[in-house]
Amino acid sequence: MSHTFTLDGKTIPFTEGQTIIQAASAAGVFIPHLCYHPEFKAHGSCKLCTVKVNGRQTASCTMRAAAGMVVESETEEINAERRALTQMLFVEGNHFCPSCEKSGNCQLQATAYHLGMMSPHYDHFFPNRAVDASHPEVLLDFNRCILCSLCVRASRDVDGKNVFGLSGRGIKTHLIVNAKSGQLADTDFTLADKAAQVCPVGVILQKRQGFAVPIGARKYDKAPISETAEEGR
Ligand code: SF4
Ligand code: FES
């Protein structure tokens, strides 16, 4: 028996156990997402991947595909909600793109472009979280963290190091470095770690490498995020 569901009217095949976003991605259909990464177990925190399944909203990165499902994604209503979530992420942190070296290569910024976000809309929180520049090769700017937990999962599941963690509750939730001092220099983190490669925004940055790619040649200058979906990021 063939397994398919429909996504915005298009027939999407899937294999048993695949989530909606995995099946959509395999079929070349982009669903916005920030905390989902094909190499890691879903986290389900950003809610950017929300779709309607048979009329009810759910996160497509955690919802298993089932035969005959009717899934809606690219609708005015859902994209307006995604845009509001993106705006909230922008105001909760200090996402001042003109001075951020991740600009043009940033998944949050590219998603905001994709959703047509023209302004942050909400009042900025202007957090003042101390930057960690203790490590010889890597800088951490916690003011840009969107709490996607990708670095936590990469460090724990791939690097076997547990360098990062999420701590606190509600608005006080924040990324921590698992060292007595709380400093990255006091961990065994290296630039070769998977955790150094996965941050979708501009928190984990290589020192002395900023602004290396000219404007026009940065990842999302060349193609919008919806067209890089086959890379799974
Ligand atoms: S530092 Fe980057 S990868 Fe880690 S939780 Fe924050 S946004 Fe996600
Ligand atoms: S990508 Fe599904 S909740 Fe973040």
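The residues of the chain are indexed from 1 along the displayed sequence. Just follow the structure's listing: the first ligand is 1, and inside any ligand the first atom is 1.
- Looking at Ser103 and Gln109, their side chains do bring a donor and an acceptor atom within 3.5 Å of each other.
- Heavy atoms of Ala195 stay at 4.0 angstrom or farther from ligand 1.
- No more than 12 heavy-atom neighbours from other residues, nucleotides or ligands sit within 6.0 angstrom of OH on Tyr113.
- By the criterion of a heavy-atom distance under 4.0 Å, the backbone of Ser45, and not its side chain, is placed next to ligand 2.
- For atom 2 (Fe) of ligand 1, the nearest non-hydrogen atom of the protein is Cys199 SG, 2.3 Å.
- Nearest protein heavy-atom contact of atom 4 (Fe) of ligand 1 is Cys151 SG, 2.3 Å.
- Between Glu74 and Lys52 there is no salt bridge, since no side-chain N of the basic residue sits under 4.0 Å from a carboxylate O of the acidic one.
- Evaluated by nearest non-hydrogen atom to atom 3 (S) of ligand 2, the leading choice among His33, His37, Lys47, His43 is Lys47.
- Residue Cys148: an N/O/S atom is found under 2.8 Å from atom 8 (Fe) of ligand 1.
- A donor atom on one side chain and an acceptor atom on the other are found under 3.5 Å apart for Ser181 and Asp186.
- When heavy-atom distances to ligand 1 are checked against a 4.0 Å cut-off, Val201 comes that close only through its side chain, counted from C-beta outward.
- Looking at Leu166 against ligand 1, nothing comes within 4.0 Å, counting heavy atoms.
- The distance from atom CG of Leu108 to atom OG1 of Thr111, rounded to the nearest 0.5 Å, is 6.5 Å.
- At least one N/O/S atom of Cys46, whether from backbone or side chain, sits less than 2.8 Å from atom 4 (Fe) of ligand 2.
- Atom 5 (S) of ligand 1 has its closest protein heavy atom at Ser149 N, 3.3 Å.
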